Amino acid sequence: MIEWTDEVAEAVDAGRPVVALESTIISHGMPYPQNVAMATEVEGIIREHGAVPATIAVLGGVPKAGLSADDLELLASDPTVVKASVRDLPTIIARGGHGATTVAATMHLANLAGIRVFVTGGLGGVHRGAETSFDISADLTELSRTPVCVVCAGVKSILDIGLTLESLETLGVPVLVDGSDVFPSFYSRGSGFPAPLRVDGPDEVARAMRAAWWLGLTSGLVVAHPIPEADEIPAAEMDPVIAQALADLDARGISGRDATPFLLGRIVELTDGRSLTANIALVRENARVGAEIAVRYAALQGQEQE
Ligand code: PSU
Ligand code: MN
């Protein structure tokens, strides 16, 4: 049922490195036209580092692994594209609609397509106030049951970072911080929370992936790679912006699936685009890191088969 591009299908079949990319970040995570420029550039970075990019989305009811330039343009600009988490996939497919896949839905489709590494910006998680709203992203559920390694820059402090880390622990999901002893918070290299587990470099990540699945863990892994120092926005600067965005969310009574896209858009407005520049920089960095992990993982799998 998945439609592969030839490039992605051949790479998966041959066991060559492939990196999945999500599409909610394009349709509902960044403004046009920076979103389509980012999506195109990131695919290039993955190729430069020796892997094949497979951006994932549902277009005209068809789940796709690997998209054309026209597909990316549509996702970036067509207002009929809906945010698609796992539970939305069946009806989008049944109706022949367009869906931009979240981390959860992208993981699910990447796994079906045989892709083990997935690059994004930030994960969903436990929202602040979840004790009354019950707003906990399905990204966490999917991480607990789908064997894909998700490379991100941590989670934004629009979420309750502590509760998100506790939930991931309960779900048995390894949370590896690459090259740092502190868990990163997307725009900032720190978060006030220590790294649950530390790794250094793509080879160690690839070995942890192999070990996790050899052990029979059914879960994915989170690899949190901090934003480069030069691109970081200090937490002290982001905190008031995030507080304002959360207050605006409350004032407008927005909740559920619209909460995260609203907050992301509001933060870009409140920082006059500075947050967008940081967001694009960290996705670029994650693309390089993810490609290197996919290359190392493919090499390890190749050695096993010799
Ligand atoms: N966090 C970000 N940028 C994003 C998202 C989250 O910093 O673009 C997107 C991802 O697609 C993620 C989704 O899977 O939002 C989570 O939405 P929700 O909180 O509704 O589960
Ligand atoms: Mn939610």
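First listed ligand is number 1; within each ligand, the first listed atom is number 1. All heavy atoms count here, side chains included; hydrogens, waters and symmetry mates do not. All values reported here derive from a predicted model rather than from experimental measurement.
Atom CZ of Arg198 sits in a crowded spot, with more than 12 heavy atoms from other residues, nucleotides or ligands closer than 6.0 Å. Atom CD of Glu7 has more than 12 heavy atoms from other residues, nucleotides or ligands within 6.0 Å. For Glu131, the CD atom sits in a packed shell: over 12 heavy atoms of surrounding residues, nucleotides or ligands are nearer than 6.0 Å.
If you look at Asn279 next to ligand 1, there are no close heavy atoms at all, none under 4.0 Å. Contacts between Thr260 and ligand 1 below 4.0 angstrom, taking non-hydrogen atoms only, involve the side chain exclusively. Within the 4.0 Å heavy-atom criterion, the part of Asp139 lying near ligand 1 is the side chain and not the backbone. When heavy-atom distances to ligand 1 are checked against a 4.0 Å cut-off, His28 has no atom that comes that close, whether in backbone or side chain.
Near Thr24, meaning under 4.0 Å from one of its heavy atoms, ligand 1 places the atoms 11 (O).
Using a cutoff of 4.0 Å between basic side-chain nitrogens and carboxylate oxygens, Glu204 and Arg207 are not scored as salt-bridged.
Summary of contacts: the protein heavy atom closest to atom 21 (O) of ligand 1 is Ser137 OG, 2.7 Å. The protein atom (non-hydrogen) at minimum distance from atom 1 (N) of ligand 1 is Gly122 O, 3.5 Å. In terms of protein heavy-atom proximity, atom 11 (O) of ligand 1 is nearest to Glu22 OE1, 2.6 Å. If you check which protein heavy atom lies closest to atom 3 (N) of ligand 1, you get Leu264 CD1, 3.5 Å.
Arg210 pairs with exactly one of Arg296, Arg116, Gln301 by the side chain to side chain contact (heavy atoms under 4.5 Å, CB included) rule, that one being Gln301. Each of Arg47, Arg288, Arg284 was compared with Glu41 under the salt bridge (charged side-chain N to carboxylate O under 4.0 Å, His left out) criterion, and only Arg284 meets it.
Residue-ligand proximity: His127 is placed with a non-hydrogen atom under 4.0 Å from ligand 1. Judged by the shortest distance from any of its heavy atoms, Lys83 lies inside the 4.0 Å radius around the atoms of ligand 1.
When only interatomic distances are considered, the shortest N/O to N/O separation between Thr101 and ligand 1 does not fall below 3.5 Å. Looking at ligand 1, you won't find any N or O of Phe186 less than 3.5 Å from one of its N or O atoms. Considering backbone and side-chain atoms together, Lys156 places an N or O closer than 3.5 Å to an N or O of ligand 1.
Remark: the backbone N or O of Gly125 is not paired with any side-chain donor or acceptor of Asp139 at under 3.5 angstrom.
In this model, a donor atom of one side chain and an acceptor atom of the other lie less than 3.5 Å apart for Glu22 and Thr120. A donor-acceptor contact closer than 3.5 angstrom links the side chains of Thr80 and Asp78.
Taking the N/O/S atoms of Asp135 in turn, the shortest distance to the Mn ion (ligand 2) belongs to OD1.
Under the 4.5 Å side-chain criterion, counting only non-hydrogen atoms from C-beta, Arg257 is in contact with Arg87.
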